[in-house]
Amino acid sequence: MLANLEMVKALLDGAERVVVLTGSGVSAESGIPTFREADGLWRQFRAEELARPDAFAEDPELVWEFYNWRRELVANSEPNDAHLALADLECVVPEFLLITQNVDGLHSLAGSRNLLEMHGSLWELQCTMCSWRNEDRTMLSGVPTCPACGALLRPGVVWFGEALPPGVLNQAIRAIAEADVFLSVGTSAMVQPAASFAQLAREQGAVTVEINLEPTPNSGLVDFALHGKAGTILPRLTGALCA
Ligand code: APR
């Protein structure tokens, strides 16, 4: 692991174009449960059972209760060393894109700027009927309704089975095609299309690195798989570069 860590550090040192993909594991050390691990349960529900359009159609109160709980949890959390290391890395790499599946906003709070939130944001509200959409960081209770038309509002996040926001996938694919180094951090690589980004990056000539607590389906195909906490590994990779 130490030798691999040194090699990845050297790679990043010389890289002109870096793309990073993050998942919920990057926020775990901020106290935010991941999606598929045991602590991802809210009451008896898995996040996957509630983060879906049919769950919202059936019981908007329950789904909003879940999101209001998550909004409060995130509002009381702070970026951790992994978020901060990625914000530092952006400062030293000429072309850098951070693609995140997370909706918590902690990357931008840590200072990341060139950021693609491919699954939207917990802090966006969007009307289920009209085009009203707005950022709202206040704590909500119950089910909010649209100030323009009175219909139910929903969180501005991409749910299971829904399309990504327009243009997002193309932007990610274009950046991956040009990357020298692709890092995947804190994601189980179970959800498409992000799960295929490592393979795509490899096919397009990037050196690929996975940083995750445990092996994933991508561990065998990446050039370097570093297993451990993102908040420990990332600062060790970026510390000297960004000093
Ligand atoms: N450092 C690094 N990795 C970690 C850490 C940590 N401190 N803690 C947990 N992990 C790893 C876990 O081992 C797991 O493999 O993070 C991964 C989290 O995986 P998931 O819970 O599946 O989350 P994610 O990959 O982000 O899910 C993708 O699925 O439910 C949808 O839209 C939702 O964006 C989400 C997407």
Side-chain angles (χ1 to χ4, degrees), residues 1 4-5 8 20-42 45-56 63 66-67 70-71 73-74 77-86 89 98-107 110 115-124 154-165 168-169 172 182-199 209-222 224-238:
M1 164 106 161
N4 278 352
L5 203 87
V8 174
V20 182
L21 169 71
T22 63
S24 60
V26 90
S27 294
E29 290 161 72
S30 293
I32 300 169
T34 61
F35 272 82
R36 288 175 186 76
E37 291 180 291
D39 68 345
L41 284 184
W42 173 73
F45 300 101
R46 286 180 293 118
E48 290 169 275
E49 293 178 74
L50 299 172
R52 48 196 321 134
D54 49 349
F56 186 74
V63 172
F66 168 65
Y67 278 98
R70 267 193 102 90
R71 282 164 67 99
L73 182 72
V74 174
S77 307
E78 287 182 357
N80 63 53
D81 289 346
H83 298 108
L84 296 172
L86 290 173
L89 185 62
L98 175 50
I99 305 169
T100 188
Q101 300 167 89
N102 299 346
V103 296
D104 56 33
L106 289 180
H107 282 303
L115 178 63
L116 196 57
E117 291 180 311
M118 63 185 291
H119 291 169
S121 167
L122 265 184
W123 306 110
E124 288 274 322
R154 58 165 281 178
V157 301
V158 178
W159 282 332
F160 280 95
E162 292 186 323
L164 297 181
V168 160
L169 191 55
F182 175 85
L183 296 184
S184 168
V185 185
T187 175
S188 62
M190 303 287 278
V191 174
Q192 297 293 354
S196 321
F197 286 175
Q199 178 158 8
V209 182
E210 171 179 271
I211 298 168
N212 204 62
L213 201 55
E214 59 194 7
T216 77
N218 281 341
S219 302
L221 73 88
V222 293
F224 298 96
L226 305 177
H227 293 137
K229 288 187 173 183
T232 305
I233 296 175
L234 278 170
R236 287 171 71 188
L237 289 175
T238 61

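Just so you know, ligand 1 is whichever comes first in the structure, and atom 1 is the first atom listed for that ligand. What you are looking at is a predicted structure, and each value in this text was computed from that prediction instead of being measured.
Protein residues with any heavy atom under 4.0 Å from ligand 1: Gly23, Ser24, Gly25, Ala28, Glu29, Thr34, Phe35, Arg36, Glu37, Gln101, His119, Phe160, Gly186, Thr187, Ser188, Val191, Asn212, Leu213, Glu214, Gly228, Lys229, Ala230.
Of the N and O atoms on the side chains of His83 and Ser27, at least one donor lies less than 3.5 Å from an acceptor on the other residue.
With Thr100 contributing its side chain and Asn102 its backbone, the two residues share a donor-acceptor pair below 3.5 Å.
The existence of a salt bridge linking Glu162 and Arg154 is confirmed by a sub-4.0 Å separation between a basic side-chain nitrogen and an acidic carboxylate oxygen.
Note that Arg70 lies outside the cation-pi zone of Phe45, set by a 6.0 Å cut-off to the ring centre and a 45° limit from the axis.
For the pair Gln199 and Asn218, the minimum side-chain heavy-atom distance is 4.5 Å or more. Looking only at side-chain heavy atoms (C-beta outward), Leu5 and Val8 stay at 4.5 Å or farther from each other.
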